[in-house]
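Below is one structure, written out as structure tokens; comments come after it.
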Amino acid sequence: MTPGKIAGEVVAAELLAGLNPAQAEAVTAPDVPLLVLAGAGSGKTRVLTHRVAYLVATHRAQPQRVLAVTFTNKAAREMRSRLGVLLGGGVEGMWLGTFHAMGARMLRQRGELAGVPRDFVIYDEGDRAAVMKEAMAQAGVDEKRFSLASISGEISRAKNDLRGPEEFGASARGFVESQAARVYPRYQALLETNRALDFDDLLLKVVRMLESSAEALERYRDRFRHVLVDEYQDTNRAQYRILRLLVGEHRRVTVVGDPDQSVYSWRGADLRNILEFQRDYPDALVVPLEQNYRSTAAILRAAGAVIRENTQRLDKGLWTAGPEGDPVRVGQFYDEREEASAVAAEAGRLNASGELAWGEAAVLYRTNAQSRALEEVLLREGIPYRLIGGLRFYQRKEVKDVLAYLRLLANPSDRVAFERVINVPRRGVGAQSIAQVRDLLQGGGGRLEAVLEIPELAGLRGAAAQGLRRFHDLLADLHDYSSQWPLVQLLDRLLERSGYRQLVRDGTPEGEERWANLTELRGLAAELGDDPAAATLPAFLEQLALAGDVDQMDDSASGAITLITLHQVKGLEFPVVFVTGVEEGLLPHVRSLDSEASLEEERRLLYVGMTRARERLYLSHCFQRHLYGSPRGATPSRFLRPLSALEGTSGWGSPGSFVAPPATRGQPLVLTRAREAILREVTKAAPAVVSGPRYAAGDRVEHQRFGRGVIRVSEMTPGGEEVVIDFETAGRRRFAVSDAVLRKLA
DNA sequence: TGCGGGTCCAGCGGG
DNA sequence: TGGACCCGCA
């Protein structure tokens with residue numbers, strides 16, 4: 001026996017330590033198709049990573065022959081770092097990432113086998129919308145009658161179902177579909193001229209490649225002798241097809257998922273993939289993970305009672321060896337303001353008694369609009385919170401603009417990028433001139449680069465022509481520069497030479513905020529600087545395109561209550577969870593009432609929310625809720641029915657927590673007022689009615705996001721107090737004072 | 001070309 | 001209610 005083998009066995013034994021029998025079974029299962037039905041909080045990620053590590057440690061798999069696919073970048077990162085720890089390095093060469101990253105990588109390697117140019121760019125949702133708009137115009141589809149979103153959705157769905165323009169056109173039924181069928185081929189043609197793929201293409205083209213090229217199929221099948229997939233319940237048909245093709249005859253495939261947590265059918269996820277795994281592989285080994293390590297018995301019982309009403313599911317008996325815990329509380333409140341106050345009051349009570357740090361609680365809701373009332377109350381009460389979602393980093397105008405410049409440098413055919421920045425900052429090239437250029441290119445009258453150099457080709461004269469030429473010179477300059485200097489310097493030069501820095505930094509606080517975002521982008525480029533392979537422009541752009549967003553959940557240590565949608569909260573957990581707005585029309589949402597399947601998905605959404613809670617779970621609904629500005633009556637969700645008779649479930653607050661609506665509207669409820677008074681005393685947070693500045697130069701402060709710093713300037717503006725802070729690590733920044741993110745240090 | 005007011009719309013959002 | 005978008009006017 002070789003020393004290596006012995007070491008491997010030692011590691012293997014360590015990998016099984018602390019696993020329960022079901023987990024161990026899944027980790028050590030033989031090379032047969034394996035379906036791990038992992039209930040909420042049952043250690044799913046642990047099993048997946050340990051199985052990969054186990055396969056490697058026991059020499060059943062070489063790292064470079066393993067493909068492990070996750071749904072999010074975050075999950076991929078986590079898995080990579082956990083594997084690094086488990087194996088002490090040794091993950092080199094392993095393909096570990098999202099489906100889309102995997103697709104991009106394969107297409108860079110062998111995409112030409114499916115007619116994909118090697119230097120393709122990846123279009124995000126914004127770019128896709130721009131192209132879609134143009135395609136709709138070409139097809140003569142009226143944007144007023146058919147929304148971009150509906151057409152775009154149809155086409156995306158078609159792609160996820162592996163239907164090309166012809167096939168889709170042949171089977172199109174109904175108004176929207178037939179319009180989409182006219183747009184689809186034009187949309188695809190435009191992507192092609194731009195040498196661009198959208199996210200759906202990253203999957204679709206891989207399928208086409210593997211199906212049409214024996215060489216490609218052979219190559220990747222041989223390469224990936226072990227295939228493992230996380231969140232299998234969320235895979236769409238294209239992803240399913242890729243897996244089937246890759247797994248082929250060797251059938252060493254492990255999928256992990258929970259049908260009860262499938263909440264993305266509207267994005268193409270197909271529950272059949274997991275429900276029918278055993279039909280696809282009749283000899284599959286199915287290992288249910290039923291022991292929950294997260295929630296109390298009371299919480300599990302309530303969640304189980306809710307999800308059991310669904311018909312489309314594989315029953316699991318989720319159980320816990322943990323304590324019964326506090327009862328699950330269901331409360332009714334007058335309206336969303338009182339609901340928010342109740343959340344704040346309860347969180348405040350727990351915090352005051354030392355049972356809860358702010359960062360340990362989350363407030364969940366169905367729609368983003370619901371966050372407003374919560375924010376207002378938390379702000380008023382001085383309770384720190386962080387809002388997940390909203391406008392994301394890469395969707396910010398300034399970031400998209402600068403990225404468009406970079407994309408144009410990397411790919412001069414990218415007309416979406418061109419149209420985005422040709423007149424930003426202004427160069428005298430208006431909509432009219434852009435249209436002329438577009439028409440010329442449309443008619444095949446030349447390449448974009450040529451038109452930039454000789455604008456007269458497009459019939460342009462005067463200021464517009466000069467603007468295009470200046471733009472051309474700028475790009476040429478940057479192009480030369482980029483061949484000799486690292487990314488960061490290129491970015492700096494771009495910001496200077498283009499005039500973009502001046503445009504953004506207009507002296508307003510908003511301008512500084514935008515500039516701060518660009519500084520962050522610069523930071524990302526700098527991070528890559530250490531790695532020569534990643535520091536090229538194309539690699540940088542690809543990474544950003546696939547990264548989607550800077551991870552908002554990474555700073556989980558923040559001392560703030562989390563406000564988050566039910567969809568985004570999947571995969572997270574908190575000691576204390578409030579699920580708000582559990583009402584008919586909201587959860588289930590009105591738009592899901594038309595089919596039993598979507599209704600069941602809504603129920604799963606509530607289930608996901610409930611199972612995020614470790615110790616305390618609160619559900620609330622209102623008597624009335626403001627929707628689009630006007631009040632409407634609300635009734636408790638049908639999903640709550642099985643809870644009414646359930647042991648370990650009780651009302652939230654005193655029996656009188658809900659009282660009849662007041663006779664005159666707009667009059668605050670006495671009870672609400674009393675509660676606020678109590679809360680104020682408990683949290684000692686005085687209402688934020690301040691007439692003068694709260695900060696002075698020299699004050700030491702801590703910012704939720706940027707850390708510690710010193711106030712340099714404080715001034716009162718019509719919009720409130722504004723401060724300039726020198727941060728220890730984040731440099732000088734300017735803010736409007738917000739108690740939610742800034743606090744004074746002693 | 002840039003801005004202001006009218007109008008329309010409103011679910012969840014990974015990669 | 002509030003944001004996005006369009007049209008018309010300076």
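Reminder, nothing fancy here: chain letters follow the sequence lines and each chain counts from 1.
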- Which base, if any, makes a Watson-Crick or G-U wobble pair with dA4(C), both distances under 3.5 Å? dT7(B)
- Which nucleotide, in any strand shown, forms a Watson-Crick or G-U wobble pair with dC12(B), with both distances under 3.5 Å? none
- Query: With no angle test and no hydrogens, is the base of dG15(B) tied to the side chain of E125(A) by a donor-acceptor pair under 3.5 Å?
  - Reply: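 Yes, a donor-acceptor pair under 3.5 Å.
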Sugar-phosphate only, base, or nothing, as touched by [X] at under 4.0 Å among non-hydrogen atoms:
X: E602(A); answer: base
X: D200(A); answer: base
X: V608(A); answer: nothing

- Query: Any ion pair linking R195(A) and D414(A) (charged N to carboxylate O, less than 4.0 Å)?
  - Reply: no
- Item | Nearest-angstrom distance from the residue atom CG of L599(A) to C1' of dC12(B) | 15 Å
- Item | Nearest-Å distance for atom pair CZ/C1', residues R128(A) and dG15(B) |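 Distance check: R128(A) CZ to dG15(B) C1' gives 11 Å.
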Would you indicate which nucleotide in [options] comes nearest to any side-chain atom of [X]?
X: R372(A); options: dG13(B), dG2(C), dG15(B); result: dG2(C)
X: N423(A); options: dG15(B), dT1(B), dC12(B); result: dT1(B)
X: N368(A); options: dG13(B), dG15(B), dG14(B); result: dG13(B)
X: T565(A); options: dG2(C), dC12(B), dG15(B); result: dC12(B)

- Message: Among R603(A), E601(A), E596(A), exactly one meets side chain to side chain donor-acceptor pair (under 3.5 Å) together with N310(A). Which residue is that?
- Response: R603(A)
- Item | Heavy-atom neighbours of Q466(A) CD exceed 12 at 6.0 Å | no
- Query: May Y628(A) be described as stacking on the base of dC9(B), applying a 5.5 Å centroid limit and a 30° limit on plane angle?
  - Reply: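 Not stacked by the 5.5 Å and 30° rule.
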- Distance from T635(A) atom OG1 to R625(A) atom CZ, nearest 0.5 Å?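 Result: 11.5 Å between the selected atoms.
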